[in-house]
Amino acid sequence: MIKKEGMKVAVHVVKHGENLWGIANKYRVNMQTLINLNGLTTTSLVPGLALYAPDNLLPIRTYRIKKGDQLNLLSQKFNTELSYILSMNPNVHPQQLQLSIGQIINIPSPIKLEITTLGFIFPSSISSITPILTSLSKQLTYLAIVAYSFREQGNAYNLTDDTAIIETCHQLNIRPLLMIRNLMNEQFSADLVGGVLGNNAYRQNLVTSIVNLTRERGFSGVSIDFEFIPPEHRNDFITFLSALKNSLGNLLLHVNVHAKAADLPTNRIVGAYNYAAIGEIADYMTVMTIDYGYPGGPPDPVAPIWWVEQVISYAVSQMNPAKLQIAMALYGYDKAVTNNQTRALSVQSSQNQAITTGSTIQFDQTAYSPWYRYFQNAQERIVWFEDIRSYIAKYRLIDLYGIAGATYWQISLSAPQNWAFVQRNINVSKI
């Protein structure tokens, strides 16, 4: 597990009695800059609020010691000073010739982490989507447009027009992907996907119609999100993916799978996902490391760091890490304690609701996630969400395990801290 202690980043956790003017002065930044970076809608603050401040610090890389690693060689590899490494790792001594294999250290370095990113978006008016895409154009490699499903005989179809979004992506150097889901009556359907995957003719219809739509509409590839596939169709899913990739040729195949930390072949949610086989076929596979705390379930963190790491650790044991992405949530869940009634809201809205309700934000060190409690009409509610601290921890896992990058569900949900951190500390591949 990544050690959290001693990591020097420009994150300020608000204490009782502090105000925005004083914090801005401390970091020598304009107060409006602090407001913009953190998506604040007021100058009011609450204890426990994590603020991200601009800084001149070197980005921090996270590295696991391998056989033969030495401090002087690592300083050369990361183009940094030995003294910088020592300052970030108080348990490492300069005379230590042989570092412990498996030891995790933090390395300040001008060589930034490089990742591929993928954002999801639902089509809406191009006037509302264009500003979002423009602001994030340098931070997105791919955009998966959530606008496709298929019928009982495997014919893929468009749920809503996405022509303008595809054109805008090409203008902004973002690669658009056709995202297709097994939706029926606006719900994921196990019967629909099982019926198509289990029938040779219908399965081939699905492959052909997806490829035709992808090429005709100017997509750079396909993002598959088939959920609740009946476990007995596990091999049929692999047969489908193999045929689809062969037909796509040099176009990208991206596959989303539910997160798991072990293979559970009979499980109705994750049983159909053979990570090793999918990882062999797909260009990228994303484990959906979100919704650990799920809608309708008890108040739990959306993506606790210990669980995310378990999923990554299992996934990289099954496939090439360079093909693996993790999902990041740009949202939080606001739940009624009595009945788990759930309301989803963006991380920015989650944060700002704490301020408007005057709620102190707690931080769970095990989950490495923020949460708070408030009352509405005498009803107790608990909100778990993500903030700059939890995002940083997840990017360090990406670095530590050497995986490809991250996906974001979904980019119309505002998360200023995440994008500010990516812009400052990470190089996003524009393949």
Side-chain angles (χ1 to χ4, degrees), residues 1-5 7 9 11 50 60-64 102 104 106 113 115-120 225 227 254-264 267 269-270 273 275 278-279 284-295 297-333 344 347 350 363-371 384-410 413 415 417-418 421-422 425-426:
M1 188 67 170
I2 293 178
K3 283 185 68 177
K4 315 301 189 309
E5 300 85 353
M7 290 187 172
V9 293
V11 175
I60 307 298
R61 300 295 304 274
T62 305
Y63 183 80
R64 193 192 307 272
I104 297 170
N106 303 303
L113 170 66
I115 65 174
T116 58
T117 65
L118 184 155
F120 299 97
D225 182 20
E227 303 191 20
H254 170 256
V255 181
N256 300 277
V257 298
H258 279 291
K260 58 183 177 180
D263 199 15
L264 305 167
N267 183 278
I269 298 175
V270 300
Y273 301 126
Y275 280 13
I278 296 170
Y284 291 108
M285 185 184 88
T286 294
V287 285
M288 292 187 278
T289 44
I290 52 179
D291 281 10
Y292 177 86
Y294 56 92
D300 278 321
V302 175
I305 195 70
W306 61 264
W307 174 67
V308 174
E309 184 163 16
Q310 281 184 1
V311 173
I312 294 173
S313 181
Y314 170 68
V316 298
S317 76
Q318 301 297 303
M319 61 178 290
N320 180 355
K323 287 187 170 189
L324 180 68
Q325 296 174 317
I326 60 170
M328 291 202 188
L330 303 185
Y331 58 86
Y333 285 136
V347 292
S350 301
F363 194 77
D364 187 294
Q365 290 292 333
T366 302
Y368 223 66
S369 299
W371 67 278
W384 283 93
F385 63 110
E386 301 284 273
D387 70 4
I388 184 60
R389 294 167 290 184
S390 57
Y391 284 132
I392 289 173
K394 291 176 176 68
Y395 287 117
R396 288 188 170 149
L397 284 179
I398 290 172
D399 201 3
L400 180 65
Y401 283 88
I403 65 176
T407 66
Y408 305 97
W409 188 270
Q410 44 97 2
L413 299 172
Q417 291 181 335
N418 172 68
F421 181 81
V422 171
N425 294 276
I426 293 173

Return the set of residues passing side-chain contact (heavy atoms from CB on, under 4.5 Å) with D399 (not counting sequence neighbours), or none when no residue passes. R61, T62, L113
Using every non-hydrogen atom in the two residues, find where L324 and A315 come nearest and quote the distance to one decimal. CD2-CB, 3.7 Å
Ignoring hydrogens, what is the shortest heavy-atom contact between I60 and N106? Give both atom names and the distance. CG2-CB, 3.7 Å
Within the 4.5 Å heavy-atom criterion, are Y333 and D300 side-chain neighbours or not? no
Y331 meets the side-chain hydrogen bond (donor to acceptor under 3.5 Å, both in side chains) criterion, sequence neighbours left out, with D291
Using side-chain contact (heavy atoms from CB on, under 4.5 Å) as the criterion, list what pairs up with D225, not counting sequence neighbours. M179, R181, F188, E227, N256, M288
Donor-acceptor check, side chain of T289 to backbone of A327, threshold 3.5 angstrom: yes or no? yes
For A329 and V302, work out which heavy atoms get closest and say how close. CB-CG1, 3.7 Å
Compare every heavy atom of P370 with every heavy atom of F385, then report the nearest pair and how far apart it is. O-CD, 3.1 Å
For D263, which residues count as a salt bridge (Lys or Arg N to Asp or Glu O under 4.0 Å) partner, sequence neighbours excluded? R234, K260
F120 meets the ring pair (Phe, Tyr, Trp, His ring centres under 6.0 Å) criterion, sequence neighbours left out, with W409
When rounded to the nearest 0.5 angstrom, what distance separates CD1 in I104 from OH in Y63? 12.0 Å
Please check this pair: side chain of D387 against backbone of S390, looking for a donor-acceptor N/O pair closer than 3.5 Å. yes
Nearest heavy-atom neighbours spanning A259 and W307: CB-CZ2, 3.6 Å
Any heavy-atom pair between the side chains of P301 and W371 that's under 4.5 Å? no
Please identify each residue that fulfils side-chain hydrogen bond (donor to acceptor under 3.5 Å, both in side chains) with Q318, with sequence neighbours left out. none
Can you name the side-chain contact (heavy atoms from CB on, under 4.5 Å) partners of V347, sequence neighbours left out? E386, Y391, A415
Do F363 and Y368 come within less than 4.5 Å of each other through their side chains, counting heavy atoms only? yes
Distance, nearest 0.5 Å, that separates CD1 of I426 from CZ of F421: 5.0 Å
Donor-acceptor pair, K394 side chain versus A406 backbone, under 3.5 Å? no
Please identify each residue that fulfils ring pair (Phe, Tyr, Trp, His ring centres under 6.0 Å) with Y314, with sequence neighbours left out. Y275
Residues which pass side-chain hydrogen bond (donor to acceptor under 3.5 Å, both in side chains) with Q325, listed by chain and number, not counting sequence neighbours: T116, H254, T286
Verify whether one side chain among Y273 and N267 offers a donor that lies under 3.5 Å from an acceptor in the other. no
Minimum heavy-atom separation for V316 and Y401, please, with both atom names. CG2-CD2, 4.1 Å
So CG of N425 and CD1 of I392: to nearest 0.5 Å the spacing works out to 7.0 Å
Measure the shortest side-chain to side-chain distance between Y395 and N418 over non-hydrogen atoms and say whether it is less than 4.5 angstrom. yes
Sorted by chain and number, sequence neighbours left out, side-chain hydrogen bond (donor to acceptor under 3.5 Å, both in side chains) with K323 holds for none
For Y284, check ring pair (Phe, Tyr, Trp, His ring centres under 6.0 Å) against everything at least two apart and list the hits. none
When rounded to the nearest 0.5 angstrom, what is the spacing between CD1 in I326 and CD in E309? 10.5 Å
